[in-house]
Amino acid sequence: MKAVGERSIASFIRFVLGAAWWLVVVSLALLLGLLVLSFFINLEGNNLTMNLPVALDLNAPVHGSSPSLQTDARIEKLRGNLRFPVRNGAFFSASMFLIVLLIGCLLWVLTQLRHIFRSLSRGLLFIPENARRIRWVGFTVIVGELARAALVYFWSYYTSLHFTANGLRFVASTDLNGVTIISGLAILVIAEVFREGTRLHEEQSLTI
Amino acid sequence: MAIHVNLDRVLCKRGITLTELAERVGITLANLSVLKTNKARAIRFSTLDALCRELDCQPGDLLECVSREFEEP
């Protein structure tokens, strides 16, 4: 497989980026439509359900595989999804708005990556704009993950206040993904390397 | 930058145009123009050698170190 040109790795990645971009655009349009609709129609009483990530503590004794084997094991922070009918229109609209913001950030990142690949196909890869774009992608990945984790905490806190179940305790918890944060940092490092590459490229092009 | 290229002065003395020099030296007119207008960041020895050969001069005739006091901002 070639690196650039037709049927190359770059063209394959560009195709995948384009497909992902359109998928996110359609999803965002649907979510925006749902958000706008939520302000005008009464959601309560309709068959609309929400599916939220939750964290549970299970108050059930956990035994070893052998009945005689004593264990103090307990199940903590069991993660799952809670599906329930929408009763609070304001909560639904606020959640939708925050999801739209997150998906908007994802669309923005994909747009920047498409711009970078477009410049690659034009042979103008090492330009200051691309270094800036990569840096902003790195920041967005980090901030996006923090925002997503905050949203998960907000949802789990809501469910811990409004739901109970026998033997289960809903806990407010988040699932911050450290790997995503480190990936964002790696992208920032690459952005600085790219910026230096841009400087070297400019110097080389002005060497007669 | 403190190093100035006095290419236009030498060209005037030799009576050669920039276009002719570009053809003789084998550098594009655009690159030679970058050099002439002091926008270049560096010059290769091979380029300097070719310029001195065609203009029958020394590197010191083409390159001048300007005192930083008189350097344009």
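Quick note on labels: first sequence line is chain A, next is B, and so on, each numbered from 1. Keep in mind that the numbers below use all heavy atoms, side chains included, and drop hydrogens, waters and symmetry copies.
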Which atom pairs, one donor and one acceptor, sit under 3.5 Å between chain A and chain B?
residue   : atom : partner  : partner atom : Å
Leu206(A) : O    : Arg41(B) : N            : 2.9
Thr207(A) : O    : Arg44(B) : NH1          : 3.4
Ile208(A) : N    : Ala42(B) : O            : 3.0
Ile208(A) : O    : Arg44(B) : N            : 2.9
Ile208(A) : O    : Thr47(B) : OG1          : 3.1

Report the residue from Leu82(A), Val171(A), Val152(A) that forms a side chain to side chain contact (heavy atoms under 4.5 Å, CB included) with Val54(A).
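The option that passes is Leu82(A).
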Is it the case that Ser38(A) and Ser93(A) place a side-chain donor and acceptor less than 3.5 Å from each other?
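Yes.
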Counterpart residues, ring pair (Phe, Tyr, Trp, His ring centres under 6.0 Å), relative to [X] (two or more places apart):
| X | value |
| --- | --- |
| Phe84(A) | Phe163(A) |
| Tyr157(A) | none |
| Phe15(A) | none |

Verify whether the ring centers belonging to Tyr158(A) and Phe170(A) lie closer than 6.0 Å.
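Ring centres of Phe170(A) and Tyr158(A) not closer than 6.0 Å.
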At a 4.5 Å cut-off on heavy atoms, which part of Ile27(B) comes close to chain A: side chain, backbone, both, or neither?
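Ile27(B) touches chain A through side-chain heavy atoms alone.
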